[in-house]
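First comes the structure, then the notes that go with it.
Residue numbers start at 1 and run along the sequence shown.
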Amino acid sequence: MDHATVLALYDRDVREGARPDGPDARVEHTGSVVRQVASPQGWNGIVWSSLDARDADAAIAEQVAYFTGLGREFEWKLYGHDRPADLGKRLLAAGFTSEPEETLMIGETRELLFDADLPDGVRIVPVTDRAGVDLVADVHEKAFGTDASRLRHQMLARLTADPDTVVAVVALAGDEPVSSARMELVPGTRFAGLWGGGTVEGWRGRGIYRALVAHRARAAADRGYRYLQVDASDQSRPILERLGFAALSTTTPYVYVP
C-alpha cells in the first residue's frame with residue numbers, strides 16, 4: 001500500500017467529498033471548508049479544509065460565527081497533515097479546546113489478518129433494532145464512562161433510514177454485553193470506517209476487540225470495500241498494527257462550545 005497515495009485518496013473521497021453521516025445531517029461546501037451540519041443530537045463539525053496562513057483565521061472566525069448562530073457546539077477535526085502547520089494553535093487562540101490525539105490508521109482489506117478467536121462462551125451478534133442499539137449503548141457507557149444518548153440516537157436513525165451503510169455488532173458472554181463496535185460504509189468510495197470499538201473492564205485483554213475488528217474487516221471485504229480506516233487510541237494502535245493497519249497521520253478533535 002502506497003501511504004501517500006492512499007492518504008490523498010482518503011482526503012479526497014472521505015473528507016473533501018464527505019457524505020452526511022445520518023438522515024438529519026447535511027454536508028456543506030463553503031469556501032475552502034467542508035462542514036457537516038446536523039441536529040443537536042448529531043455530529044456538527046469541520047471535516048476538511050484547504051487553508052493557508054493568509055486565510056486560516058478568517059475561515060475559523062466564519063465557522064465559529066456560523067455554528068454559534070445555530071446554537072451548536074461543533075468540532076474541527078484536524079489532521080496532522082492539514083495546513084497551515086499551526087492550524088491547531090490558531091484554533092486554540094480562537095477559543096477551541098483540544099481533545100486527545102489519535103492515529104489515523106488505514107488497512108487494505110485483502111491484506112489484513114482475519115484470524116481472531118473469541119473466548120469460550122462469547123459470541124458476536126448483529127445489531128439491527130432498538131434492542132441491539134440499547135446493548136451497544138450499554139457497553140459504550142461502561143467501557144468509556146460517557147453518556148451514550150447521542151450514539152443511541154445516531155445509530156437508530158441510521159439503521160432505520162439507511163441500514164446498508166452501517167454494520168453494528170455486540171459481543172455477548174451468555175446474555176451479558178461485554179463489547180461492541182460499528183462500521184460505517186461510505187457508498188461510492190473504497191473506504192469503510194471502524195468506530196466505537198470498546199470492551200467493558202474485566203473482559204479486556206482476551207482478544208474480543210481484535211475479533212470485532214476482524215469480523216468487520218471481513219464484512220467490508222465481502223461488500224467490496226478496499227480500505228478500512230480507524231482513528232486509533234494509543235491502546236488500540238498496537239493491536240491494529242498487528243492486524244496489518246498502517247499509521248498514515250494523526251487526528252485531533254478541537255471542540256468549540258458557544
What is the minimum heavy-atom distance between [X] and [Y], and which atoms define it?
X    : Y    : value
A181 : L212 : CB-CD1, 4.1 Å
F144 : G196 : CE1-O, 4.2 Å
L87  : L51  : CD1-CD1, 4.4 Å
I124 : A211 : CD1-O, 4.2 Å
P100 : P253 : O-CD, 3.6 Å
R15  : S49  : NH2-N, 4.4 Å

* **Test log, rule side-chain contact (heavy atoms from CB on, under 4.5 Å), inputs T251 and E101** => CA-CA 6 Å; T251 177; E101 178 184 277; over 6 Å; no
Measure the [atom1]-[atom2] distance between [X] and [Y] for me, rounded to the nearest 0.5 Å.
X    : Y    : atom1 : atom2 : result
D134 : L156 : CG    : CG    : 7.5 Å
T199 : R210 : OG1   : CZ    : 13.5 Å
L104 : K77  : CG    : NZ    : 8.5 Å
E184 : D21  : CD    : CG    : 6.0 Å
T252 : L78  : OG1   : CG    : 6.0 Å
L91  : I60  : CG    : CD1   : 4.0 Å

Under 3.5 Å, is there a donor-acceptor pair between the side chain of [X] and the main chain of [Y]?
X    : Y    : value
R223 : A192 : no
D129 : G132 : yes
N44  : S39  : yes
S180 : V169 : no
Q36  : G45  : no
T165 : D162 : yes
R158 : Q154 : no
S236 : A232 : no
D52  : D55  : yes
R206 : P119 : no

* Heavy-atom neighbours of D120 CG exceed 12 at 6.0 Å ->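 Atom CG in D120 is not crowded, with 12 or fewer foreign heavy atoms closer than 6.0 Å.
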* **D147 atom CG, over 12 foreign heavy atoms within 6.0 Å** =>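 Atom CG in D147 is packed in, count exceeds 12.
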What about [X] and [Y], same hydrophobic cluster or not, with Ile/Leu/Val/Met/Phe/Trp/Tyr joined at side-chain heavy-atom distances under 4.5 Å?
X    : Y    : value
L92  : Y79  : no
V33  : V37  : yes
V127 : L151 : yes
L112 : V230 : yes
V167 : L240 : yes

* Would V27 and R35 count as a side-chain contact (heavy atoms from CB on, under 4.5 Å) if you check the C-alpha gap in whole Å, the side-chain angles of each, and the deciding distance to 0.1 Å? -> CA-CA 6 Å; V27 170; R35 65 192 177 205; over 6 Å; no
* **Output field: ring centroids Y10/F191 closer than 6.0 Å** =>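 Between F191 and Y10, which both carry aromatic rings, the centre distance is below 6.0 Å.
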* To do: Only pairs at least two apart or in different chains count here, so list each ring-ring contact (aromatic ring centres under 6.0 Å, His included) that has a residue in residues 30-70.
  =>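 Applying ring-ring contact (aromatic ring centres under 6.0 Å, His included) to every pair that reaches into residues 30-70, excluding sequence neighbours, yields F67-F74.
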Is the shortest side-chain heavy-atom distance between [X] and [Y] below 4.5 Å?
X    : Y    : value
V125 : L172 : yes
H140 : T146 : yes
W195 : M183 : no
T97  : Y254 : no
S179 : V170 : no
F245 : L194 : yes
P40  : E73  : no
R182 : V136 : no

* Could you walk me through whether R226 and T109 pass side chain to side chain donor-acceptor pair (under 3.5 Å), step by step? => CA-CA 5 Å; R226 182 172 179 179; T109 54; over 6 Å; no
* To do: Walk me through it: do D231 and T103 pass the test side-chain contact (heavy atoms from CB on, under 4.5 Å)?
  => CA-CA 5 Å; D231 292 348; T103 303; over 6 Å; no
* To do: Begin from the C-alpha positions of R130 and R152 and carry the test side-chain contact (heavy atoms from CB on, under 4.5 Å) through to its verdict.
  => CA-CA 9 Å; R130 183 180 295 272; R152 181 182 281 106; 5.5 Å; no
* Identify whether the distance between the nearest side-chain nitrogen and carboxylate oxygen of K142 and D138 falls below 4.0 Å. =>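 Salt bridge between K142 and D138, a charged N being under 4.0 Å from a carboxylate O: yes.
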* To do: Check step by step if side chain to side chain donor-acceptor pair (under 3.5 Å) holds for T30 and E62.
  => CA-CA 10 Å; T30 170; E62 179 182 347; 3.3 Å; yes
